[in-house]
Protein chains: 2
Amino acid sequence: MNELSRTLKTDEITQLVLKKTLDIVCGKWRLYIIFQLTDQACRYGELRRRIPEVSEKVLVQELKELVALGVIEKTTYGETPPRVEYSLTERGRKVLPILLQLKTVGETFLEV
Amino acid sequence: MNELSRTLKTDEITQLVLKKTLDIVCGKWRLYIIFQLTDQACRYGELRRRIPEVSEKVLVQELKELVALGVIEKTTYGETPPRVEYSLTERGRKVLPILLQLKTVGETFLEV
DNA sequence: CCTTATACTAACCTTTTGGTGGGTAACCTA
DNA sequence: TAGGTTACCCACCAAAAGGTTAGTATAAGG
């Protein structure tokens, strides 16, 4: 019984961990956005221009979510016209190599 | 113009690659299913019992999708009651280490 | 004083994903 | 002959994800 409850608990933790990962990774554009910020911070408009296929609403929404998750951070300069920059957080930079490796997964399954 | 079209093409390839990756990874239960097959093949019913939270329909559906993607394979033994086993394909085993690393991502963002 | 630029918000709609509750075939055992 | 076991299928439904279109504040530039 004790062992069972320990097993259950481990499963629950694994599920939590995986859920968090999926929150960060899933969503059609999240990885794409993260990869755009690999080297430097990027303004909102610049992101729009670099990923023209994503709709405005979704981009804003995804950026907000990634900020809430702690993957990226937002810096607002009180200027007009407004200037806002997005960049990776420390944690974001920490996991970036793993996320970049995910390309290998896609490549492996696209090979003939 | 040549450079632009080359850039566009690269972007398209990146998008294809990422899409393929997301197909494999996303979905509430896909990673979970893949991880269950790390060491040995597993029967359908065994998977059901190991992941009780997933509904029957969704499990079947996810298994089918993973087979179609080439991540896992299905072996049917013509017995009654039926026996069906799922296991990782060669490609599946190849990318498994990368997928396992994804746990690190979740852990990083769950830390206090 | 009208336009332009930037970084958004809000209302609304469609598609995709995940889930429930039933049913099925085939053989074995009691 | 009734019930158990296994690995599914089908019709239907709710919620989440993704997308379109229009509108906003502010200041600088012509």
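Proteins come first, then strands; the chains are lettered A, B, ... in the order of their sequence lines, and each starts at number 1. Being a predicted model, the structure only gives us computed values, none of them experimental.
The listed nucleotides are D:dG19, D:dA7, C:dT6; the one nearest the side chain of B:Pro82 is D:dA7. The nucleotide whose nearest atom lies closest to any side-chain atom of B:Lys28 is, among C:dC8, C:dG18, D:dC8, C:dG18. Taking only side-chain atoms of A:Arg49, from C-beta outward, the nucleotide of D:dT6, C:dG18, C:dT6 with the closest atom is C:dT6. Among the nucleotides C:dT6, D:dC8, D:dT20, the one closest to the side chain of A:Ser55 is D:dT20. Between D:dG19, C:dG18, D:dT6, one nucleotide has an atom nearer to the side chain of B:Glu62 than all others, and that is C:dG18. Among the nucleotides D:dT5, D:dA7, D:dC9, the one closest to the side chain of B:Pro81 is D:dT5. The side chain of A:Thr80 lies closest to D:dA27 when the candidates are C:dG19, C:dC27, D:dA27. In the set C:dG19, C:dA7, D:dC9, D:dC9 carries the atom at the smallest distance from any side-chain atom of B:Val60. The nucleotide whose nearest atom lies closest to any side-chain atom of B:Tyr44 is, among C:dC8, C:dT6, D:dC8, D:dC8.
If A:Val58 and B:Tyr86 are placed on DNA chain D by their nearest nucleotide, the residue sitting closer to the 5' end is B:Tyr86.
In terms of heavy atoms, A:Val67 sits closest to A:Lys74 at CG2-CB, 4.3 Å. Across all non-hydrogen atoms, the minimal contact from B:Thr38 to B:Phe35 is OG1-O, 2.7 Å.
If you take CG on B:Leu59 and CH2 on B:Trp29, they are separated by 10.0 Å, rounding to the nearest 0.5 Å. Remark: B:Tyr32 OH to B:Glu62 CD distance equals 14.5 Å, nearest 0.5 Å.
At whole-Å resolution of the value, CD in B:Glu65 and P in C:dT17 are 9 Å apart. Taking atom CZ of residue A:Arg48 and atom C1' of nucleotide C:dA5, one finds them 15 Å apart after rounding to whole Å. Atom CG in A:Leu63 sits about 16 Å away from atom P in C:dT6, given to the nearest Å. A:Glu56 places its CD atom 14 Å from the P atom of C:dA10, with the value rounded to the nearest Å. We find that CH2 of A:Trp29 is positioned 6 Å from P of D:dG19, with the value rounded to whole Å. When rounded to the nearest whole Å, the span between CZ of B:Arg83 and C1' of D:dC8 equals 17 Å. For the pair B:Leu59 CG and D:dC9 C1', the interatomic distance rounds to 14 Å; values are reported in whole Å. Note: CD (A:Glu53) to C1' (D:dG18) measures 14 Å, nearest angstrom.
The pair B:Arg49-B:Glu46 meets the salt-bridge criterion, since a charged nitrogen lies less than 4.0 angstrom from a carboxylate oxygen.
A side-chain donor-acceptor contact under 3.5 Å links B:Thr89 to the backbone of B:Gly70.
In the interface, the side chain of B:Glu79 is not paired with the base of C:dC27 through any donor and acceptor atom under 3.5 Å apart. With hydrogens and angles ignored, a donor-acceptor pair closer than 3.5 Å exists between the side chain of B:Lys57 and the base of C:dG19.
In this structure, A:Arg43 reaches the sugar-phosphate backbone alone: every heavy-atom distance under 4.0 Å involves primed, P, OP1 or OP2 atoms, never a base.
At C:dC8, none of the side-chain N or O atoms of A:Lys64 fall inside 4.0 Å of OP1 or OP2 (strictly under the cut-off).
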